[in-house]
Amino acid sequence: MLVGLAEDYRKDDQLLEAAELYTFAATNSINWEDRAESLYKGGLLLYKVGRRQEAVAAFTAASQDGNNLFYANLAKERLHQLSP
C-alpha cells in the first residue's frame, strides 16, 4: 500500500515524498521480496533531489538484499557509478 502511494507521489512529481515512502516501506519490512526494489527506487529519487548520502545508504542496503538479485545488482552498479 505504501509503495502504491509512493508511485502516486512520483507520478505527481513529489519526488522527495515518494523517496521517503519507498525507503520507509523497505526499512520497516522484514523479508519482503520487493525490499531491494523499493530501496533502489528510493535511492534513485533521493539522488535526483540532491540527497546523495541518503541515496548511497539506500543503494547500499539494496545491494545487500539477497531476495531480489536483479535490484541488488542494479544498486551495486549505481554505487560503483557514484564512487569517486
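As the structure is a computational prediction, the values presented were derived from the model and not from experiment.
- Residues passing the salt bridge (charged side-chain N to carboxylate O under 4.0 Å, His left out) test with D65, sequence neighbours excluded: R35.
- Side chain of D34 to backbone of E37: no donor-acceptor contact under 3.5 angstrom is found.
- Applying the salt bridge (charged side-chain N to carboxylate O under 4.0 Å, His left out) rule to E77 yields no partners; only residues at least two apart in sequence or on another chain are considered.
- Side-chain atoms of S38 and W32, non-hydrogen and from C-beta on, do get closer than 4.5 Å to each other.
- Proximity of E54 to E20: side-chain heavy atoms (C-beta onward) are nowhere separated by under 4.5 Å.
- L21 and L15 fall into different hydrophobic clusters, where Ile, Leu, Val, Met, Phe, Trp and Tyr are joined by side-chain heavy atoms under 4.5 Å apart, directly or via other members.
- Rounding to the nearest 0.5 Å places CG of L44 at 10.5 Å from CZ of R10.
- Atoms CG and OH, on L45 and Y40 in that order, are 10.5 Å from each other to the nearest 0.5 Å.
- Linking ILVMFWY side-chain heavy atoms closer than 4.5 Å, directly or via other members, places L82 and L74 in a single hydrophobic cluster.
- Side-chain contact check for L16 versus Y9: every heavy-atom pair is 4.5 Å or farther apart.
- A heavy-atom distance below 4.5 Å is found between the side chains of L79 and T60.
- Summarising the geometry of A75 relative to S63, their closest heavy-atom pair is CB-N, 3.7 Å, with the distance given to 0.1 Å.
- Dense packing is recorded around CD of Q81, with more than 12 heavy atoms of other residues, nucleotides or ligands lying under 6.0 Å away.
- Residues K41 and E7 form a side-chain contact, since some pair of their non-hydrogen atoms from C-beta on lies under 4.5 Å apart.
- Distance OG1/T23 to CG/L39: 7.0 Å, rounded to 0.5 Å.
- Of the inter-residue distances, the one linking L5 atom CG with Q14 atom CD reads 9.0 Å to the nearest 0.5 angstrom.
- Side-chain atoms of S83 come within 3.5 Å of backbone atoms of H80 as a donor-acceptor pair (strictly under, hydrogens ignored).
- For the atom pair OH of Y47 and CZ of F59, the computed distance is 9.0 Å after rounding to the nearest 0.5 Å.
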